[in-house]
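Both backbone and side-chain heavy atoms feed into the values below; hydrogens, waters and symmetry mates do not. Just so we're clear, the structure is a prediction, and the values are computed from it rather than from any experiment. To find a chain, count down the sequence lines: A is the first, B the second, and so on, and within it residues start at 1.
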Protein chains: 2
Amino acid sequence: MPTIKDVARIAGVTPTTVSRVINNRGYLSQNTKQKVYQAMDQLNYSPNAIARSLFSKKSGILGIILPDLRHPFFAELAGYIEFYANQSNYKLLICNSNHNATKEKQFVDLLKSNQIDGLVMASHTLDVDEFARLEYPIVTFDRIIDQFPYVCSDNHQGGVLAAEKLISLGCKKVGHICGNLQLDLLSNQRSWSFIKTMKEHGIEPIIIQTGNDVFDYSHYEELITPLFRDHPDVNGIFTTSDILAAYVSRVCNNLGIHIPKDLKLIGYDDVPLSTWMIPQLSTIRQPMREMAERIVQLLTNVQTRQHYNANIFDVEFIKRATS
Amino acid sequence: MPTIKDVARIAGVTPTTVSRVINNRGYLSQNTKQKVYQAMDQLNYSPNAIARSLFSKKSGILGIILPDLRHPFFAELAGYIEFYANQSNYKLLICNSNHNATKEKQFVDLLKSNQIDGLVMASHTLDVDEFARLEYPIVTFDRIIDQFPYVCSDNHQGGVLAAEKLISLGCKKVGHICGNLQLDLLSNQRSWSFIKTMKEHGIEPIIIQTGNDVFDYSHYEELITPLFRDHPDVNGIFTTSDILAAYVSRVCNNLGIHIPKDLKLIGYDDVPLSTWMIPQLSTIRQPMREMAERIVQLLTNVQTRQHYNANIFDVEFIKRATS
DNA sequence: TGGAAACTGTCAAGCGATTGACATTTTACA
DNA sequence: TGTAAAATGTCAATCGCTTGACAGTTTCCA
């Protein structure tokens, strides 16, 4: 790989001048610029970002630790974050923790070593104090850790919205399918608010938790089927993700339960899947694009970071065919 | 951030010694090691990977340029690549080109600047010669560029398999929905082989192309619906992706066409979506995990790179409910 | 007891770029 | 013609870490 010295030699100037051209500082004649550009072109030179980073102490890289890139929600989130990061000249390093605390810890160290300029923490198995000693900006997603700014959808509103919809649709016996309510995740507020609202209307929801392996879909079907065996009169279900809803839809199909005639179904997220399903899924939409934009702002812009600690985004009920 | 000097000072040794401890070279007494580890711990030190990269000329980063992380196929692929890269101590930098040649070019430059140790090229809008001058290992996905090793599924076999299945199911009038057949992509071989096999059986498939904006799903429905208007007797369809198949399934649902009774449907990829659909999709499975593993090997292992230029993976017909 | 082998540690150059301080030459214009 | 501004260049330090060369101290055994 050619270095700045090679360029300088070819262009007949000093490395300092080449650096000046690259960074456009100081006085430079058209002629000099021309020569330098030409030499860079001739050598197919591009400045070594590593060396620049060493000096500038900025890597221009943001990191994200998430549970699983293959989950549509996180793929979508990561996709948008990459988009906005890119707009601000940042690159995105993606780390799949697979919900594994050890890997998560390793990634935190790895990203620290790599001098990333900011971290999005969207996987939450680590103890809180692991983060206390990190030096770079951190934004957490769907969880509050220490004083770090966090981003989430208005989970409370989402739970209430889902409950009210099901009630207004006349559901008397409702089920709720969610992840692990023991975890200290903001997204669990969806469930709490849903349950609370239901209770206020005199309905005691039947709750099914997927447990810790939220991302292992293989057991979803066996988990959901008994709900309908034990409670054949269930006529409304709210799930905390669209994928869970897809499985409900499938189980109902197996059992001959017609949606929306026999059962109203509401998901959460509004990932593309919700429109690919048949019938198309009614869901609570998280404004992913806006959330991703804010996440990048929080990491790259000190003012934003200082002004917004709690970044709670309104959700919206999207009516499709399952309700 | 503490540096190696700080650690040396606290431990009462020289930076060289600390470096030796970190890299475990030369003779070191237990006592010295102990002191150094303790100092590192006390300072919460982790070596600056940027500085190490500058010296070693290795960044430990692989890059991938893909059209859209939000597409399940690429999310899955990237997820697996990240997994295997990680196993070999590499990180993964993800770049979404959004099918935009300018962005693609920018990413190529950007990744070059960042001294990545290898590139997976899975987005193909650039002219071939743009790649000629890149210094790091490159693997292309689903396209042949110059002499670079490439990875793909056996698209020919996939097309034949799909055709034979439909024929054996008794389909007489078949449709085929694909991307843009003008592009020089290996994945288009699926279509060519499908069409050829069909013709050999005296069937002239009706072909619908999504055009260049393959990733803009919004027009899929209007694209597919006319097929059934113009050819009500179509009773078999092969699509080049599972997502396309999901749209076919939806359109059929709209039009009251029953799958698999009235129409047999076969997709391609076998992404999780295919099991979330109702009815579950029969599809041609690409061995994504194995392909990702090979991709990482090709980039990180010279021997592999020298031995395997064409990396074509067998596909498999997965029978589910749509056939 | 002498000297090689086994340890332990220091020094300084270098990776590729940036930048402040300073010097010299050219250009422009009053 | 004189002088300030513009243009170009030199030099050396710096970012944090690695490593070959070298030096000093122990250990051990013939």
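Under the side chain to side chain contact (heavy atoms under 4.5 Å, CB included) rule, A/Y150 has a single partner from A/L186, A/L298, A/D142, which is A/L186.
Using a 4.0 Å heavy-atom cutoff across all strands shown, A/V13 reaches sugar-phosphate atoms only and no base atom. As judged by a 4.0 angstrom heavy-atom cut-off over every strand, B/P47 is placed among residues touching the sugar-phosphate backbone only. Base contact: A/S19 has a heavy atom under 4.0 Å from a base atom. Counting non-hydrogen atoms under 4.0 angstrom, A/G12 reaches the backbone sugars and phosphates but no base. Among the atoms of the strands shown, only primed sugar atoms or phosphate atoms (P, OP1, OP2) are found under 4.0 Å from some heavy atom of A/R25. B/I50 comes within 4.0 angstrom of no nucleic acid atom, judged by non-hydrogen atoms across all strands. If you check every strand for non-hydrogen atoms under 4.0 Å, A/S53 touches nothing. Residue-level contact check: A/T32 touches the backbone only, with heavy atoms under 4.0 Å from sugar-phosphate atoms and none from bases. Counting non-hydrogen atoms under 4.0 angstrom, B/T16 reaches a base of the nucleic acid.
Phosphate proximity of D/dG16 to B/T3: absent, as no side-chain N or O sits under 4.0 Å from OP1 or OP2. A sub-4.0 Å separation between OP1 or OP2 of D/dA6 and a side-chain N or O of A/Y27 is present. The shortest distance between the side-chain N/O atoms of A/Y45 and the OP1/OP2 oxygens of C/dA17 is below 4.0 Å. Distances shown here put a side-chain N or O of A/N23 below 4.0 Å from the OP1 or OP2 atom of C/dT18. Within the structure, a side-chain polar atom (N or O) of A/S29 is placed less than 4.0 Å from OP1 or OP2 of D/dT8.
Ion pair B/R9/B/D6 flagged as a salt bridge, since at least one NZ, NE, NH1 or NH2 atom sits closer than 4.0 Å to an Asp/Glu carboxylate oxygen.
In this structure, NZ of A/K57 is placed 10 Å from C1' of D/dT14, rounded to the nearest angstrom. A straight line from CG of A/L54 to C1' of D/dA13 spans 13 Å, rounded to a whole angstrom. Between A/I22 atom CD1 and C/dT19 atom P the separation is 11 Å, expressed in whole Å. Rounded to an integer number of Å, the gap from NZ of A/K5 to P of D/dC11 is 13 Å. A/N24 has its CG atom 12 Å from the P atom of C/dT19, to the nearest Å. The CZ-C1' distance, from A/R9 to C/dG16, rounds to 15 Å in whole Å. Rounded to a whole Å, the CG atom of A/N31 is 14 Å from the C1' atom of C/dT27. Here the P atom of nucleotide D/dA6 and the CZ atom of A/R20 are 15 Å apart, to the nearest Å.
With rounding to the nearest 0.5 Å, the separation of CD1 in B/I81 from CG in B/L62 is 9.0 Å.
Of all the heavy atoms in B/R294 and B/T304, the pair that sits closest is CD-CG2, 4.2 Å. The nearest pair of heavy atoms linking B/I94 to B/A78 is CD1-CB, 4.0 Å.
The nucleotide whose nearest atom lies closest to any side-chain atom of B/T17 is, among C/dG9, C/dA17, D/dT18, C/dG9.
Judged by distance alone, the side chain of B/S19 and the main-chain N or O of B/P15 form no donor-acceptor pair under 3.5 Å.
Along DNA chain C, the nucleotide closest to A/R52 and the one closest to B/Q30 are compared, and the more 5′ of them pairs with B/Q30.
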